[in-house]
Amino acid sequence: MEFTASQIASFIDGQIIGDESTVITGVSPIENGESGHLSFIAQDRFSHFLDTSKCSVIIVSEKLIDKVNYNPTLIVVKDAYLSFQILMNLYQEMQGRKEGIETGSSIHDTAVIGEKAYIGAFTYVSEKAKIGEGSQIYPHVYIGKGVKIGKNCKIDSGARIYDYCIIGDNCVIHSNTVVGGDGFGFQPTAEGFKKIPQLGNVIIEDDVEIGSNCSIDRATIGSTIIGKGTKIDNLIQIAHNVKIGQNNVIAAQAGIAGSTTIGDWNQIGGQVGVVGHIKIGNQVKIQAQSGVNSSVSDKETLYGSPAISYNDYLRNYVHFRNFTEIVRRINNLEDTSKDKTNE
């Protein structure tokens with residue numbers, strides 16, 4: 001698709017410096033710009049590309065403009081990063097949505113498929129499942145018995161949604177994620193570990209996005225819950241009966257053990273481990289690779305394993321790095337003290 005600088009500026013309410021008729025046919029990272037491509041600059045550390053980039057059109061934050069003439073055509077906006085996001089969303093919408101049921105899919109007679117939905121080839125939709133209007137179910141997806149999927153969702157190839165799980169509106173679940181697998185529940189006995197039946201489900205509320213290769217386990221009884229607006233990265237384990245609130249972000253390879261409750265607006269870094277049966281408050285930040293083994297109050301920032309206050313960790317780490325020297329000095333002080341005692 002081709003757009004002129006003038007057309008692009010109209011989408012994001014930008015002001016043009018240069019040739020408004022410049023045509024772009026693609027996008028590039030600013031570091032690897034190409035003629036005929038569009039890019040953006042939102043931070044001062046990239047501002048030198050305004051003079052050196054090969055891109056034909058650059059969206060730039062107004063605070064970075066310091067002269068009248070530039071080589072590429074510029075579209076000046078208040079926030080270039082936000083404006084570029086708006087353009088990407090518009091472009092995605094222009095691609096259109098698939099509709100209809102492809103050959104090779106299998107849909108149970110009692111399943112309900114909403115208007116303008118898409119069911120890809122080799123997808124299986126079980127009995128009494130409901131798929132909402134405009135939702136996109138890509139090839140090789142499994143939809144279990146009694147599953148409910150809301151409007152305008154996207155379930156990518158290879159995902160598995162097990163029986164009786166519920167997914168709200170405008171959700172995205174990426175490839176090979178499993179929603180509703182059995183929780184890790186076993187009772188130790190003299191004969192070995194006996195499986196505890198996992199009879200609950202998973203509820204995913206509206207506007208949630210879940211990355212690829214995640215496992216979100218069904219509850220033993222009741223529901224595992226992912227709150228509205230939460231975004232989950234790839235390769236994440238969420239155990240049975242976990243309750244996650246609204247608008248959380250959880251980075252890759254994090255693991256949350258069973259029956260833990262997490263509040264709203266938290267940021268959980270990559271490879272964070274959270275033990276079971278604790279509560280994490282609201283607006284908490286947990287740095288990457290931290291291990292959380294006790295409940296956390298609102299607005300704390302944690303680091304380390306076991307995780308402690310971020311500022312305490314940094315102060316302690318300074319001493320840890322110098323631990324060998326500190327021990328040597330203590331030993332010297334002890335030796336000096338012994339010498340004085342023996343005099």
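Quick caveat, the model's predicted, so the values are computed rather than measured. In what follows, residues are counted from 1 in the order of the sequence shown. Because only heavy atoms are used, hydrogens play no part in the values below, and waters and symmetry mates are left out as well, while side chains stay in.
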Would you compute the distance between atom [atom1] of [X] and atom [atom2] of [Y] and round it to the nearest 0.5 angstrom?
X	Y	atom1	atom2	value
Cys55	Leu74	SG	CG	11.0 Å
Ile308	Leu302	CD1	CG	9.0 Å
Lys54	Ser39	NZ	OG	14.0 Å

The test is side-chain contact (heavy atoms from CB on, under 4.5 Å); show your working for Ile149 and Ile143 and say whether it passes. CA-CA 9 Å; Ile149 297 174; Ile143 307 294; 3.7 Å; yes

Do you reckon [X] sits in the same ILVMFWY cluster as [Y], going by side-chain contacts under 4.5 Å, direct or chained?
X	Y	answer
Ile58	Val27	no
Ile173	Ile166	no
Tyr118	Ile155	no
Tyr138	Val147	no
Ile131	Tyr124	no

Are any non-hydrogen side-chain atoms of [X] and [Y] less than 4.5 angstrom apart?
X	Y	answer
Thr177	Ile232	no
Val284	Asp298	no
His108	Ser126	no
Ile286	Ile280	yes
Leu38	Leu87	yes
Ile210	Asp233	no
Ile59	Ile41	no
Cys153	Ile167	yes

Within the supplied structure, the quantity of interest is the number of heavy atoms (other residues, nucleotides, ligands) at a distance under 6.0 Å from [X] [atom1]; does it exceed 12?
X	atom1	result
Ile326	CD1	yes
Arg329	CZ	no
Gln92	CD	no
Gln15	CD	no
Asp13	CG	no
Glu209	CD	yes
Lys148	NZ	no
Tyr81	OH	no

To check you understand the geometry: which heavy-atom pair defines the closest contact between [X] and [Y], and what is its length?
X	Y	answer
Arg315	His319	O-CD2, 3.4 Å
Ala307	Val292	CB-CG2, 4.1 Å
Ala251	Ile236	O-CD1, 3.2 Å
Arg97	Gly134	NH1-O, 2.9 Å
Thr230	Gly245	OG1-O, 2.9 Å
Trp265	Asn248	N-OD1, 3.7 Å

Please work out which of the three classes, parallel, tilted or perpendicular, describes the rings of Tyr313 and Tyr303, given edges at 30° and 60°. tilted

Classify the ring geometry between Tyr142 and Tyr162 as parallel (under 30°), tilted (30 to 60°) or perpendicular (over 60°). perpendicular

Worked check of side chain to side chain donor-acceptor pair (under 3.5 Å) between Gln136 and Asp156: CA-CA 8 Å; Gln136 311 276 288; Asp156 270 323; over 6 Å; no

Could you please spell out the steps behind the side-chain contact (heavy atoms from CB on, under 4.5 Å) verdict for Asn234 and Asn213? CA-CA 6 Å; Asn234 307 323; Asn213 296 294; 5.7 Å; no

Answer yes or no: is there an ion pair linking Asp163 with Arg218, defined by an N-O contact shorter than 4.0 Å? no

Carboxylate-amine/guanidinium proximity below 4.0 Å for Lys67 and Asp51: yes

[X]-[Y] side chain donor-acceptor pair, cut-off 3.5 Å:
X	Y	answer
Asn241	Thr224	no
Asp264	Gln283	no
Ser212	His174	no
Thr220	Gln198	yes

What about Phe40 and Phe46, are their ring centers closer than 6.0 Å? no

Apply side chain to side chain donor-acceptor pair (under 3.5 Å) to the pair Tyr310 and Glu300, showing each step before the final yes or no. CA-CA 8 Å; Tyr310 178 73; Glu300 289 202 40; over 6 Å; no

Give a yes or no answer on whether the side chain of Ser175 reaches the backbone of Gly158 with a donor-acceptor pair at less than 3.5 Å. no

If you draw the axis of the six-membered ring of Phe186, does the NZ or CZ of Lys194 fall within 45° of it and under 6.0 Å from the ring centre? no

Start with the C-alpha gap between Asp19 and Ser21, add the side-chain angles, then the distance that decides, and say whether side chain to side chain donor-acceptor pair (under 3.5 Å) holds. CA-CA 5 Å; Asp19 183 1; Ser21 65; 2.6 Å; yes

